[in-house]
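Beneath this line is the structure, given in structure tokens, with notes to follow.
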Amino acid sequence: MTLVLAAGLKALPLSIFGIVLAATLGITYWASKRTSTATEFWAAGRTVTGLQNGWAIAGDYMSASSFLGFAGLVFLFGVDAFVSLMAALVAFVPVMLLLAERMRNSGKYTLADVLAFRLRERPARMAAAVGTLAVVIVYLVAQMVGAGVLIQALTGVSFAPAVVLVGVFMLAYVIFGGMLATTWVQIIKAVILMAAGVLLTVLVLAKVGFSPGELFTRAAANHEAKDGYLHPGLQFPTKLGMLSFGIAFVLGTAGLPHILMRFFTVPNAKAARGSVGWAVFLIGAFYLMVMVVGVGARAILGQAGEEAAGKGGNLAVPTLAESLGGGAGSNGGEIFLAVISAVALATILAVVAGLVISASGAVAHDVWSNVIRRGHDSEGEEVWVAKIAAAAIGALAIVLAIAGGAGFNVSALVGLAFCIAASANFPALLLALFWPRFNTTGAITGIITGVVVSVVLIGLSPPVWPGADSATGSPLGSLGLENPAIFCIPLGFLGCLVGTLLGRERDTERSYHELFVRSETGLGAEEVTGTAVQRRPARQKETAIATQAPPR
Amino acid sequence: MSDGTAPAGDGAVPAGRDGRVDPAEWRRIERSPEFRELTSRRHRFIAIAAAVTFAEFALYLGLATYATGFMGTLVGGVPIAWLAAMCQVFMTWAVTWLYLRQADRVFTPLEERVAETAGARFMREASTGADATTTERSAR
């Protein structure tokens, strides 16, 4: 029943891990033959279809925290945890309605492209790069720490080597295979994740005779809160905290650089919106299954399962798998546990690879190529810098994850990443696309405000504030929220507004018309392949029209 | 930049020295009735879809936060909270599907009309017939 957390490598999970890793390396080798230009490196040549991209978005988005974390929260807190799942799904509606097609129509590789289009290029790119890197590095460290803890628990490999292993594979995909390898790792991960979800759901339902009523009755009977398990209110200490958490997810997703970057990999806006459609379908279906699996874990494992499920309930699903397979020690239990563990590993690898490639875009495409070299560098140089940047960021994340160790509060880090995304990246992107007066000063003040208030308020929040272990521990009292997005997002917008009104820039409105027409119609959007080859030296904007003037 | 710098051509988009399109051209497209129809129809749809989505999510979040008793009520053996969450999923699917359908049926044809009236230089590769016009113009 219990997972052995301590010494002793487990041969079966390790060998299944090995198969997963070998398969991903095979993909990377295949992709490396097809990746040389910048467009191929960051955008897979813009040849990913809508359906493929939909699966890849699902794979990019559903981190281990979706699969193990959310199911674990349902196991621990019952229906209260459904709120997190629904917020994470509804989040794709604003992405689809406001950003997907417009990003594809007006951007090239990074979200800074959209800002730099109509704002002063260098400061706007710097600001956007800061927002991107803040989100990505925090989220990456959270994923790496989670991965280390998980792999240690599931295979017996200790924390530091586990983090290094994940980091090395993540970098191999990105550096050798670029976006193409990342995309296919994400697609395959999403497929096996869905398959695991279906399998677990069917087995759980079979245990209760396919009666949902029986499932909930058993689950409630097995929870110390009894019927309280069926009422919301167990997970969040304050009502404001629950609202804020929901809002952070809904608006934060629309500011996640690694998700938005996926829209540059498809050939056109139609494929971009179609891919969100597929992603919404897949993620929704998966979350329906996560609810059943989480409640099922409670019904089947009971209160006794809490110890095995560990802190945050992350191991509830592997423990459930072991139990469904026949219990600890049985062959079926061992095999099912190992398979689910391998799925969790694949999940982590796909997400961290997506994060690293988006960070490499911010460093190489935005900061190096356009701010430092002012567009004078060759395309080969840009790709080389991207690979070096990926390696550096990956190494930094590995070091931070190992230095902080399991002491990092993973959920606080994930909350911080979403909070920055929602309050720094999302307001700037939205206003650049829809507000004619928005200017460079506004983008800078907005992004800086969003990043700073998120970091400060998370730093003062109950889970982080030193020595505090309760809701009253924060110096902000009951306003110290685990996720302060409800304060940070308005402040981020306010920062954009104040900066815009104080700025004295004149021509942003003029360039707005071009961005507006392009983003709405796709006129002059980046073409499927080859545009990156004709890099024009010393041009003023990244965005010169793709259907170029005829050769003269 | 004054509109006077835009050479009067019948749909030909003048390119600047660096090959960029004159900013006035974008204004011209933006003011065209086709573009206005596209944006007004799409923005209206987006506003309604976003309002419906956020309203239902706010309702769900509000109930989960403040009406815990109601959400815990059992209907057919299962708590309303679960049914409400499943409703969220189905509503999200429905909004997504409606937007995609509307985009394919209405917005994409409108985009193509904007592109046609904007001039051949803006045509996407896929559109046939543009080649002839482009060649003709570049020969000038």
Side-chain angles (χ1 to χ4, degrees), chain A residues 79-80 82-83 85-87 89-90 92-94 96-98 101 211-217 227-228 230-233 239 242-243 246 250 268 270 273-274 276-277 280-281 284 287-288 291 295 510-511 513-514 516-518 520-524 527 536 539-541 544-545 547-550, chain B residues 1 13 15 18-21 23 26-27 29-30 35 38-39 42 45-46 49-50 53-54 57 60-66 68-69 71-72 74 76-79 81-82 84-86 88-90 92-93 95-97 99-100 103-104 108 111 114-115 118 121-125 134-135 137-138:
Chain A
V79 299
D80 220 8
F82 292 174
V83 173
L85 286 164
M86 291 310 113
L89 173 66
V90 169
F92 274 91
V93 174
M96 174 183 70
L97 295 177
L98 300 174
E101 296 167 84
S211 154
E214 174 69 15
L215 180 71
F216 279 95
T217 311
D227 276 357
L230 305 179
H231 296 259
K239 294 186 185 311
M242 185 157 168
L243 290 175
V250 170
N268 53 39
K270 182 174 161 60
R273 66 173 181 253
V276 197
V280 165
F281 175 71
Y287 286 175
L288 286 176
M291 290 194 278
V295 176
R510 205 185 63 210
S511 51
H513 300 296
E514 181 174 354
F516 185 57
V517 173
R518 280 170 179 257
E520 292 285 340
T521 60
L523 288 174
E527 284 175 60
R536 287 163 303 277
R539 69 179 183 278
Q540 286 180 310
K541 295 250 178 188
I545 191 159
T547 44
Q548 264 304 328
Chain B
M1 177 152 312
V13 178
D18 57 351
R20 293 193 70 223
V21 173
W26 297 107
R27 288 300 294 268
I29 300 172
E30 195 184 6
F35 184 78
L38 168 70
T39 50
R42 179 151 58 196
F45 189 95
I46 290 174
T53 307
F54 284 119
F57 184 69
Y60 170 75
L61 197 58
L63 286 175
T65 312
Y66 296 103
T68 55
M71 290 294 256
L74 295 182
V78 299
W82 187 52
M86 288 206 293
Q88 281 289 312
V89 175
F90 296 133
T92 309
W93 282 348
V95 168
T96 307
W97 182 75
Y99 176 76
L100 293 179
D104 285 343
T108 300
E111 281 171 20
V114 174
R121 286 275 300 287
F122 282 101
M123 292 290 251
R124 274 165 263 193
E125 299 167 289
T134 315
T135 327
R137 288 227 170 80
S138 48

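This structure is a prediction, so every number in the text was calculated from the model and none was measured. All chains are named by letter (A, B, ...) in the order of the sequence lines, taking the proteins before the strands, and each is independently numbered beginning at 1.
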Taking side-chain hydrogen bond (donor to acceptor under 3.5 Å, both in side chains) as the test, write out the residues that go with A/Y287, two or more places apart.
A/S66
Those residues that, when tested against B/Q88, pass side-chain hydrogen bond (donor to acceptor under 3.5 Å, both in side chains) (two or more places apart)
B/E56
Are any side-chain N or O atoms of A/R518 and backbone N or O atoms of A/G524, one a donor and one an acceptor, separated by less than 3.5 Å?
yes
Option in [options] with maximal non-hydrogen atom pairs under 4.5 Å from chain B:
options: A/V83, A/L215, A/D80; result: A/V83
options: A/G246, A/A87, A/S211; result: A/A87
options: A/L85, A/V79, A/L89, A/T217; result: A/L89
options: A/G213, A/P212, A/P232, A/G277; result: A/P232

Quick test of your reading of the model: are B/E111 and B/R42 salt-bridged, counting only N-O distances below 4.0 Å?
yes
Pairwise side-chain contact, B/F54 with A/P94, heavy-atom cut-off 4.5 Å (strictly under)
yes
Counting C-beta onward and ignoring hydrogens, is there a side-chain heavy-atom pair between A/M96 and A/E101 closer than 4.5 Å?
no
Please flag which part of [X] lies under 4.5 Å from any non-hydrogen atom of chain B: side chain, backbone, both or neither.
X: A/V250; answer: side chain
X: A/L243; answer: both
X: A/V517; answer: both
X: A/E214; answer: neither
X: A/M291; answer: side chain

According to the interplanar angle, ranging from 0 to 90°, do the rings of A/F281 and B/W93 count as parallel (below 30°), tilted (30 to 60°) or perpendicular (above 60°)?
tilted
With a 4.5 angstrom heavy-atom cut-off, is it the side chain or the backbone of B/I46 that approaches chain A, or both, or neither?
both
